[in-house]
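Heavy atoms only: backbone and side chains are in, while hydrogens, waters and symmetry mates are out. Numbers here are sequence positions counted from 1.
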Amino acid sequence: TVAQLLRWSWVNGEHPGYGASTGGTPAEAVVDGHTVRPHTHGLDGPGHWGMNLTLLADGAIYGALLFGWFYLWTVAPQWQAPAQPMLGAAPLLAVMALLALGVGLLRQVRTGLRDGHARGMLARLLAAGLLGLAAAGVLGWLLWQLPLRPRQTAHDAVICVALIYLLLHAALAGVLALMQAARVRRGWVGVHRPYEPRVVAAWWHYTTGAAAVAWLAFSLAPQGFAA
């Protein structure tokens with residue numbers, strides 16, 4: 001499914017194979033005396049709304065996971081809190097910082113496109129992609145290092161699922177940014193085609209917010225409950 005979604009994202013917009021009637025990108029049309037351009041030539045379009053709706057459903061799933069976590073710490077019957085918090089503050093804070101840097105780079109890309117220039121866009125997208133993969137690497141290291149027993153305790157199971165959730169989101173954020181860099185290099189995204197980075201930025205904003213919530217819920221909250 002992921003492979004098909006990535007292929008669909010690649011064969012889109014200004015890709016030569018996009019557009020059923022012309023064999024390429026749909027041309028401008030005149031409707032009721034107004035020139036109508038493809039949505040890829042503007043700053044908004046159906047893909048951005050589709051991404052927002054996807055993230056709304058995604059956030060509902062994440063909210064259910066967080067509900068289960070706080071249920072354990074507050075009202076779960078016959079549950080003993082661990083003697084020491086499983087996660088320290090530093091690892092998830094590092095993940096959040098890496099993702100926040102990527103969000104800043106994407107914001108610079110979008111600001112440049114709105115101002116009518118694409119200077120440094122390729123380098124910023126490449127850097128953002130590497131930051132996303134680095135964040136996924138930190139999360140993978142956490143999963144490898146932590147003595148989690150997800151089949152034995154609900155506490156460890158929730159942490160394990162949360163880390164996998166963040167890892168997949170951070171990895172996809174990195175891949176999407178690198179895909180944008182490749183599309184910029186081919187000339188499919190630029191000043192006259194500024195639409196796609198906004199769609200990718202929405203995913204990055206959500207992933208960074210999810211990492212921040214995870215830091216608060218899984219790193220800081222247990223320390224507060226223990227105190």
Side-chain angles (χ1 to χ4, degrees), residues 2-3 5-15 39-45 47-52 54-56 58-59 62 90-143 162-215:
V2 171
L5 285 171
L6 291 175
R7 183 183 181 277
W8 173 73
S9 299
W10 180 255
V11 186
N12 206 338
E14 295 300 304
H15 189 280
H39 66 268
T40 54
H41 290 64
L43 291 171
D44 201 1
H48 182 236
W49 289 96
M51 176 63 81
N52 287 336
T54 299
L55 293 175
L56 184 64
D58 197 354
Y62 193 47
L92 288 180
L93 185 61
V95 170
M96 186 174 61
L98 290 169
L99 293 171
L101 288 172
V103 167
L105 290 170
L106 285 170
R107 183 170 297 174
Q108 291 176 6
V109 168
R110 292 181 56 205
T111 299
L113 291 175
R114 282 198 301 267
D115 294 342
H117 70 82
R119 293 188 299 273
M121 183 165 62
L122 178 59
R124 289 188 175 95
L125 287 170
L126 284 172
L130 295 177
L131 287 169
L133 296 181
V138 173
L139 292 162
W141 174 81
L142 268 178
L143 280 166
L163 292 178
I164 292 173
Y165 178 92
L166 292 174
L167 188 154
L168 294 175
H169 281 70
L172 187 54
V175 169
L176 291 176
L178 292 175
M179 181 182 288
Q180 281 293 288
R183 291 174 70 81
V184 168
R185 186 176 180 86
R186 290 174 178 262
W188 299 341
V189 177
V191 173
H192 301 295
R193 305 169 183 88
Y195 165 64
E196 294 180 27
R198 185 179 187 187
V199 181
V200 175
W203 182 271
W204 272 82
H205 278 95
Y206 174 84
T207 304
T208 305
V213 170
W215 176 63

Run the side-chain contact (heavy atoms from CB on, under 4.5 Å) test on L125 and V189 for me, step by step, so that the C-alpha distance in whole Å, both residues' side-chain angles and the decisive distance to 0.1 Å come before the verdict.
CA-CA 12 Å; L125 287 170; V189 177; 5.9 Å; no
Gap between atom [atom2] of [Y] and atom [atom1] of [X] - 0.5 Å precision:
{"X": "L143", "Y": "L139", "atom1": "CG", "atom2": "CG", "answer": "7.0 Å"}
{"X": "L166", "Y": "Y62", "atom1": "CG", "atom2": "OH", "answer": "4.5 Å"}
{"X": "L176", "Y": "L6", "atom1": "CG", "atom2": "CG", "answer": "6.5 Å"}
{"X": "W203", "Y": "L172", "atom1": "CH2", "atom2": "CG", "answer": "5.0 Å"}
{"X": "H48", "Y": "M51", "atom1": "NE2", "atom2": "CE", "answer": "9.0 Å"}
{"X": "L113", "Y": "H192", "atom1": "CG", "atom2": "NE2", "answer": "11.0 Å"}

Any pair with a residue in residues 124-138 that passes side chain to side chain donor-acceptor pair (under 3.5 Å), sequence neighbours left out, goes on the list, sorted by first then second residue, please.
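As it turns out, the side chain to side chain donor-acceptor pair (under 3.5 Å) pairs with a partner in residues 124-138, which skip direct neighbours, are Q108-R124.
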For side-chain contact (heavy atoms from CB on, under 4.5 Å), just list the numbers for T208 and H205, CA-CA rounded to whole Å, side-chain angles, deciding distance to a tenth of an Å, and then say yes or no.
CA-CA 5 Å; T208 305; H205 278 95; 5.9 Å; no
Please report the closest heavy-atom contact between [X] and [Y], naming both atoms and the distance.
{"X": "N52", "Y": "A202", "result": "OD1-CB, 4.0 Å"}
{"X": "A171", "Y": "A136", "result": "N-CB, 3.8 Å"}
{"X": "A177", "Y": "V200", "result": "N-CG1, 4.3 Å"}
{"X": "G190", "Y": "M121", "result": "CA-CE, 3.9 Å"}
{"X": "R110", "Y": "A201", "result": "CD-CB, 3.9 Å"}
{"X": "L99", "Y": "A211", "result": "CD1-CB, 3.9 Å"}

Determine whether Y206 and L56 make a side-chain contact, defined as any pair of heavy atoms from C-beta on separated by less than 4.5 Å.
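Not in contact.
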Evaluate side-chain contact (heavy atoms from CB on, under 4.5 Å) for L178 paired with L133, printing each intermediate quantity in order.
CA-CA 10 Å; L178 292 175; L133 296 181; 3.9 Å; yes
Run the numbers on Q180 and L106 for side-chain contact (heavy atoms from CB on, under 4.5 Å), then give the verdict.
CA-CA 11 Å; Q180 281 293 288; L106 285 170; over 6 Å; no
